[in-house]
Amino acid sequence: MTASGTSQRFPSNSAADGGLLLKLTEVTKRYPGVSALSNVSFDLRSGEVHVLFGENGAGKSTLISILSGAQRPTSGTMTFRGAEVEFSSVADAREFGISAVFQEFSLVPTMTVADNLLLGSEPLRGRLLNRRGLRSAAEDLLADLEFPIKANQVVGRLSRAQQQMVEIAKAFRSDLQVLILDEPTASLTETESGRLFELVEEARARGIGVVYITHRLGEVKRLADRVTVLRDGHYVGTLAREEATEDRLINLMTGRVIDQVFPDLTHNPGEIALRATGLTTRTRSAVDVSFEVRAGEIVGFAGLVGSGKGESARACFGAEPLLHGSVHLHGDEVTGSSPRRMLKSGMFYVPPDRKSDGLLLMRGVRENIALPSIRLAQFSKLTLMRRAAEKRITDEVAQRVELQPHSLERPVEQFSGGNQQKVLLARALVRDVDVFVFDEPTVGVDVGTRVAIYQLMADLCESGAAILMVSSDLPEILHLAHRAYVFHRGRIVEQLVAPNITEENVLRNFLDREVA
Amino acid sequence: MTSRATSGSRASHLTLLERLELVFVKIGVLPPLLLLAIIVFSQMSDNFLDIENFENVLRQNTFLIIVSLGQMIVLLTGGFDLSVGTGTALVSVVTATVMADSYNAGAGSVGFAIALGMVVGVLAGAGVGLFNGIGVSVFRVSPFIMTLGTSSIALGLALYMTSGVPVRGMPPKFADIFGFGEWAGLATPIWVTAAVVVIMTVVLNWTRLGRYFYAIGGNANAATLSGVTVRTNLTAAYVIAGALMGLSSVLLTARLETGEANIGVSLPLQSIAACVIGGVSLRGGIGRVSSAVLGALFIGLVQNGMNLARIQSYLQMIVLGGLLIIAVIADLIRQRSLSRLAAAGILG
């Protein structure tokens, strides 16, 4: 590597160049129709914790999937200890001592901790497994990391935090140089998180470079040596520990020209359309949740992933079993109704994960848009489909959401993420709906689609619909919601009304301050 | 495999290989296989390309076509039905027993005995399907285990009822009409099959039920959230598959003139192979009536060609098993090409 390779965009003292582990230069990753990353540069030194900070869809995950060899960049170069490298697989990156712990674990739940830890490099005696050696190697590894886990436990029976420890221990199996952690505290308790932070600090002390993804400010303060902020797939800036104040970070994370993204909204609240009282889901993911949504207003559910906001909304639609509580739609009790009954009563739920819960990926746009509505008279008579009408109606709706390309018979899986999301939303526009639930309506979509989706919600709201928007994306809540409920660990901890829905007021409940 | 992965849009200047790949992705596995089979067998036998031979193939394969249509519906929902083989045996025995008893008791007319036997046969098939459907949709047994278990139960019942002896004593008219009869120059089973094809085309393309089958196989969660009652409609898929299997068995019984407990052994493999070769996805959600029909006809043509070329039946089994596996591999390659071409922006 040449001396000029260090971009002046990084506030780095070139003396530290000797400790440079990984360096990405002008990396771009394109998917059909979307650029997940555009010309992002990033570097990592040994013995530092470099936090990647940004909203959902900012490109953090794409960046680490490139670092860890899970994906290849469309263009750009990567160097490791000064030599240019190209990883074709995760195993490839692991050869260089680069290991990632993703939110989705790569563990075999039916095997023991020891088997999982040494999967793929089991010690042998002759040509047979050296079972005792395997067990003791695993025990040594766990003892070295001071993890309170027994090597002979079956992974599937461990808690999520313990499974994460196993995953981390797996990364330490070989000579670890770079440890990548993707929102590691997302599902950990306070104590478990504390243990994780110690571990990260130990790794730093050993000279390992740590890439740490989070959107929790407390963790940035506690751990970060440097913070790189990404937004909409672009590099925004890198801050040193001292510069990374809360204000600065939030400004960098959300600092687009807000007025161009969010539409103007008028607020004419009418009758109560949806009222939930004391909802507790069977899985206790939401506890004693009460709220109401009026016609002509947008109500936001803010909170982190796993705070129970989505489950509460799903429970209203009959898609999540309830333990206690009641749901009223326009004053009629509908507690425990099936999604089918709720659709019939005028409620529509747009799920957050279009791939697993929303779309028939291999079927065409027309069928997808029509599916929730095909029992309506305009789509079918007795059981026979009225295909001409179906085609006409779905065509209109596809135009309304500006589907690109406008091709009704093309399988949904061949569209870009943003356009898949448009198909998902278009399904709600075919029938008469007066209560909409949008659960994470802009996950993984580009800014252009975001704007279209926000405008759509504004139009619906102005025409008198009640809208419940569940979102982990803070700006959405701040700029669209007339009222907001803030969720934390399954409960509503605060209710805010329009002028008071500010970053500060929401974040106060939303982030784990205790961490700091 | 992916080392040649293209990036960016470059639809304008494709290599010859990419053009071939594009054609393959668009038309699927069946046309190349069909072309190959026709070339090979027309070389091996002079009679293969005769019109008469083709009608022969059509008539002999009516049973497979009907069963494959049922199989396809279950495949669309993301399952499969291994009980179509011994189910065929059970229905054959039931049909023959009921028809023969009714005929010999002389309670009603000959026509009544025939109609009763046929209706009970189809209902028995639907019953087998209902049993499968309840297991799969209500108790959530995997389709593999459920239909495998049913398969053993059906065979056991058929053998228990007959002790393995063929059931005789049906009115000869049954075989005369439904086994060997002709109408307007075509065999009765061909007419029945044509009717089934028309009905299934309507069901799959023009009814809500058909739409639900695709939706359940395409994404069961999405279907539930869209207001589809998955349990009922999934059960319906197995019931329809069972009823079609029943109908096919009744026609086969007419052709054989006896109720047999040892028929249908190769049907599970052949019907699944027919669907897969025709382009029905094993993961659910994709398939057309034409896929199952053409797939079944292809298998019929291959068998016929091998018969004309005097290839032993044992060797034929090897060829059919191999074809199924080749079709699945080809389909996987096609899926991979499809997503790669779509990502590279080549697919229009």
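Reckoned from all heavy atoms, side chains included, excluding hydrogens, waters and symmetry mates. Throughout, a chain's letter reflects where its sequence line sits, starting with A, and its residues are numbered from 1.
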Inset, instruction - Could you give me the CA-CA distance, side-chain angles and deciding distance for A/T383 and B/W206, then say whether side chain to side chain contact (heavy atoms under 4.5 Å, CB included) is met? - result: CA-CA 8 Å; A/T383 181; B/W206 293 86; over 6 Å; no
Legend entry - Qualifying residues under salt bridge (charged side-chain N to carboxylate O under 4.0 Å, His left out), relative to B/D331, sequence neighbours excluded: B/R334
Legend entry - Members of residues 355-363 of chain A whose heavy atoms come closer than 4.5 Å to chain B: A/K355, A/S356, A/D357, A/G358, A/L359, A/L360, A/M362, A/R363
Legend entry - Side chain, backbone, both or neither of B/S281 within contact of chain A (heavy atoms, under 4.5 Å): neither
Inset, instruction - Take B/V228 and A/R340 through the test side chain to side chain contact (heavy atoms under 4.5 Å, CB included) and record every step on the way to the result. - result: CA-CA 7 Å; B/V228 177; A/R340 179 175 183 159; over 6 Å; no
Inset, instruction - State which residues pass salt bridge (charged side-chain N to carboxylate O under 4.0 Å, His left out) with A/R366; sequence neighbours excluded, sorted by chain then number. - result: A/E390, A/E409
Inset, instruction - Give, as side chain, backbone, both or neither, the part of A/R341 having an atom under 4.5 angstrom from any heavy atom of chain B. - result: neither
Legend entry - Top contributor to chain A contacts, counting heavy-atom pairs under 4.5 Å, from B/A220, B/A222, B/G218, B/G217: B/A222
Inset, instruction - Go through B/R208 and A/S380 one step at a time and tell me if the side chain to side chain donor-acceptor pair (under 3.5 Å) criterion holds. - result: CA-CA 7 Å; B/R208 290 201 296 245; A/S380 64; 2.7 Å; yes
Legend entry - Leading residue by heavy atom contact count with chain B [cutoff under 4.5 Å; candidates A/L343, A/I374, A/L382]: A/I374
Legend entry - Heavy-atom check, side chain of B/V202 versus side chain of A/L384, under 4.5 Å: yes
Just distance, no hydrogens or angles: give the donor-acceptor pairs under 3.5 Å from side chains in residues 312-320 of chain A, sequence neighbours left out.
from: A/S312; atom 1: OG; to: A/G308; atom 2: O; distance (Å): 2.7
from: A/R314; atom 1: NH1; to: A/Y349; atom 2: OH; distance (Å): 3.2

Inset, instruction - Find the one option among A/K344, A/R386, A/M342, A/E367 whose heavy-atom pairs under 4.5 Å with chain B are most numerous. - result: A/E367
Legend entry - N/O donor-acceptor pair under 3.5 Å between A/R387 side chain and B/N205 backbone: yes
Inset, instruction - With a 4.5 Å cut-off on heavy-atom pairs, point out which of B/T207, B/N221, B/T229 contacts chain A the most. - result: B/T207
Legend entry - Side chain / backbone / both / neither for A/S338 at chain B, heavy atoms under 4.5 Å: neither
Legend entry - Partner chain A: residue of B/S226, B/G284, B/G285, B/A215 with the largest heavy-atom pair count (under 4.5 Å): B/S226
